[in-house]
J.: 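Can you read through this structure? Questions will come right after.
Counting begins at 1 with the first residue of the sequence. Side chains included, hydrogens not; waters and symmetry mates left out as well; all remaining heavy atoms used.
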Amino acid sequence: MKCPFCGHIEDKVIDSRPTEEGSAIRRRRECIKCNSRFTTYEKIEDTPLIVVKKDGSRQIYDRNKVINCVMKACSKRPVSLQQAENLAADVEQQLMNTVKREVQSSEIGEMIMKHLKELDEVAYVRFASVYKQFKDVDTFMAELSKIISENKQ
């Protein structure tokens, strides 16, 4: 670490402790050359998750977008904001567990659909109708038939 006072690059660590939030380590250092003391903070580099949209554009992942689209699908359904936030947290955790730093928006959509299907089937169909861009009633009915047949099993 370069001394901010004299520019010398050798120092020794005198004290080391985590910050109050626990997200970084605070280190007190002393320059070997001028004996000046200074503080440094060490933290994990946070690489944002990038979402690749259908048109090829890229955006930083936004958890609030997931919550908003889930709440729209769950409009007038017995699904609480807490359940929507839990769903978004589950999706985010799945994304963070992958090694990839870029993910297709379609992958996120599939994850949301899977969770919505378990949470509320009506909300699932609403979300699927927008996400899969149903062209006509037949496509919509095919999705409904699939859900009905799965429920009978």
Side-chain angles (χ1 to χ4, degrees), residues 1-4 9 11-29 38-153:
M1 188 67 57
K2 186 176 180 181
C3 175
I9 58 171
D11 63 52
K12 62 182 176 182
V13 175
I14 298 170
D15 182 40
S16 183
R17 67 179 74 160
T19 59
E20 287 103 35
E21 308 89 40
S23 60
I25 295 177
R26 177 184 181 272
R27 298 193 195 279
R28 286 293 292 160
R29 297 176 181 270
F38 55 98
T39 304
T40 61
Y41 292 89
E42 182 179 314
K43 69 177 196 165
I44 295 174
E45 185 176 6
D46 190 20
T47 308
L49 182 64
I50 304 297
V51 178
V52 181
K53 309 291 272 183
K54 287 179 185 176
D55 65 1
S57 65
R58 287 170 167 71
Q59 293 181 350
I60 293 176
Y61 172 79
D62 184 0
R63 179 184 189 162
N64 290 326
K65 285 186 177 184
V66 173
I67 294 170
N68 289 337
C69 75
V70 168
M71 288 308 295
K72 283 180 186 175
C74 295
S75 176
K76 298 183 182 177
R77 298 295 304 155
V79 176
S80 68
L81 176 60
Q82 184 62 49
Q83 288 173 303
E85 288 175 346
N86 291 345
L87 187 150
D90 290 345
V91 168
E92 187 172 0
Q93 188 61 52
Q94 280 181 280
L95 293 170
M96 295 303 173
N97 287 343
T98 64
V99 196
K100 303 183 287 186
R101 290 294 95 197
E102 283 193 1
V103 64
Q104 298 291 321
S105 60
S106 59
E107 290 179 55
I108 297 172
E110 292 294 329
M111 288 178 190
I112 293 170
M113 283 185 20
K114 179 182 173 217
H115 284 75
L116 272 177
K117 195 172 198 178
E118 297 168 7
L119 184 63
D120 187 282
E121 288 179 343
V122 173
Y124 164 79
V125 172
R126 287 177 179 170
F127 184 84
S129 68
V130 174
Y131 173 71
K132 291 186 175 182
Q133 299 176 342
F134 292 160
K135 303 283 187 245
D136 53 27
V137 176
D138 293 331
T139 314
F140 193 80
M141 288 305 294
E143 190 67 32
L144 286 175
S145 298
K146 193 168 104 179
I147 293 172
I148 292 168
S149 67
E150 287 174 2
N151 283 344
K152 288 182 180 178
Q153 294 175 350

J.: Is any side-chain heavy atom of Pro48 less than 4.5 Å from a side-chain heavy atom of Tyr61?
T.: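 No. Closest side-chain heavy atoms not under 4.5 Å.
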J.: Classify the side-chain pair Gln59/Lys65 by whether it contains a donor and acceptor separated by less than 3.5 Å.
T.: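 Gln59 vs Lys65: donor-acceptor pair found between side chains.
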J.: Search all heavy atoms of Lys43 against all heavy atoms of Ala24 and return the closest pair with its distance.
T.: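 Heavy-atom minimum between the residues: CB-CB, 3.9 Å.
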J.: Quick one: does Ser105's side chain get under 4.5 Å of Lys54's, heavy atoms only?
T.: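 Yes. Closest side-chain heavy atoms under 4.5 Å.
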J.: Is there a side-chain contact between His115 and Glu110, using heavy atoms and a 4.5 Å cut-off?
T.: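 The answer is no; the side chains never approach within 4.5 Å.
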J.: May I ask you to say whether Asp11 pairs ionically with Arg29, meaning some side-chain N is under 4.0 Å from a carboxylate O?
T.: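 Between Arg29 and Asp11 there is a salt bridge, with a charged N closer than 4.0 Å to a carboxylate O.
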J.: Are there over 12 heavy-atom neighbours, none belonging to Lys114, within less than 6.0 Å of that residue's NZ?
T.: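 No, because the 6.0 Å sphere around NZ of Lys114 holds 12 heavy atoms or fewer from other groups.
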J.: Do you know the tightest heavy-atom contact between Cys69 and Phe127?
T.: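 Residues Cys69 and Phe127, closest heavy atoms: SG-CE1, 3.7 Å.
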J.: Is there a side-chain contact between Thr98 and Val103, using heavy atoms and a 4.5 Å cut-off?
T.: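 No, side chains not in contact.
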J.: If you measure only the distance, is there a donor-acceptor pair under 3.5 Å linking the side chains of Thr19 and Arg26?
T.: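 Side chains of Thr19 and Arg26: no pair found under 3.5 Å.
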J.: Is there a side-chain contact between Val91 and Arg63, using heavy atoms and a 4.5 Å cut-off?
T.: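 Val91 vs Arg63: side chains apart.
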J.: Among side-chain atoms of Gln93 and Asn97, is any donor-acceptor pair under 3.5 angstrom?
T.: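 Yes, a side-chain donor-acceptor pair sits under 3.5 Å.
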J.: Identify the heavy atoms of Glu102 and Arg58 that sit nearest to each other, and give their distance.
T.: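 Looks like OE2-NE, 3.0 Å.
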J.: Please examine the side chains of Leu119 and Leu87, heavy atoms only from C-beta on, and report whether any two atoms are closer than 4.5 Å.
T.: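 Touching, per the 4.5 Å side-chain cut-off.
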J.: Where is the tightest heavy-atom contact between Leu49 and Lys100, given as atom of each residue plus distance?
T.: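 Heavy atoms of Leu49 and Lys100 come nearest at CD1-O, 3.9 Å.
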J.: Could you tell me whether the side chain of Ser57 and the main chain of Lys53 form a donor-acceptor pair under 3.5 Å?
T.: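 Here the side-chain-to-backbone pair does not exist.
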J.: Quick one: does Ser75's side chain have a donor or acceptor within less than 3.5 Å of a partner on Lys72's backbone?
T.: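 No; zero donor-acceptor contacts below 3.5 Å.
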J.: For residues Ala84 and Met71, report the shortest heavy-atom separation together with the two atoms involved.
T.: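 So the two residues come closest at CB-SD, 3.4 Å.
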J.: Do you see a donor-acceptor pair shorter than 3.5 Å between the side chains of Arg27 and Thr40?
T.: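 There is no such pair (donor and acceptor under 3.5 Å, judged by atom type) between the side chains of Arg27 and Thr40.
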J.: Taking only residues two or more places apart in sequence, or in another chain, which ones meet Arg77 in a side-chain hydrogen bond (donor to acceptor under 3.5 Å, both in side chains)?
T.: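 side-chain hydrogen bond (donor to acceptor under 3.5 Å, both in side chains) list for Arg77, sorted by chain: Asp120.
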J.: What do the steps show when you test Gln94 against Asp90 for side-chain hydrogen bond (donor to acceptor under 3.5 Å, both in side chains), and what is the final call?
T.: CA-CA 6 Å; Gln94 280 181 280; Asp90 290 345; over 6 Å; no
J.: Quick one, Ile25 with Tyr41, criterion side chain to side chain contact (heavy atoms under 4.5 Å, CB included). Give me CA distance, side-chain angles, the key distance, then yes/no.
T.: CA-CA 6 Å; Ile25 295 177; Tyr41 292 89; over 6 Å; no
J.: Starting from the C-alpha separation in whole Å, work towards a yes-or-no answer on side chain to side chain contact (heavy atoms under 4.5 Å, CB included) for Cys74 and Val122.
T.: CA-CA 8 Å; Cys74 295; Val122 173; over 6 Å; no
J.: Ion pair present between Glu121 and Arg126, side-chain N to carboxylate O less than 4.0 angstrom?
T.: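 Salt bridge between Glu121 and Arg126, a charged N being under 4.0 Å from a carboxylate O: no.
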J.: Quick check for you: to the nearest 0.5 Å, what is the distance between Phe38 atom CZ and Met1 atom CE?
T.: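 Result: 7.0 Å between the selected atoms.
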J.: Given side chains that start at C-beta, do those of Leu81 and Ile67 come closer than 4.5 Å, heavy atoms only?
T.: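 Result yes, sub-4.5 Å side-chain heavy-atom pair found.
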J.: Can you tell me how far apart CD1 (Ile112) and CD (Glu107) are? Round to the nearest 0.5 Å.
T.: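 So the CD1 of Ile112 and the CD of Glu107 are separated by 12.0 Å.
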J.: Determine, step by step, whether Val51 and Ile60 satisfy the side chain to side chain contact (heavy atoms under 4.5 Å, CB included) criterion, reporting the C-alpha distance in whole Å, the side-chain angles of both residues, the deciding distance to 0.1 Å, and the verdict.
T.: CA-CA 6 Å; Val51 178; Ile60 293 176; over 6 Å; no
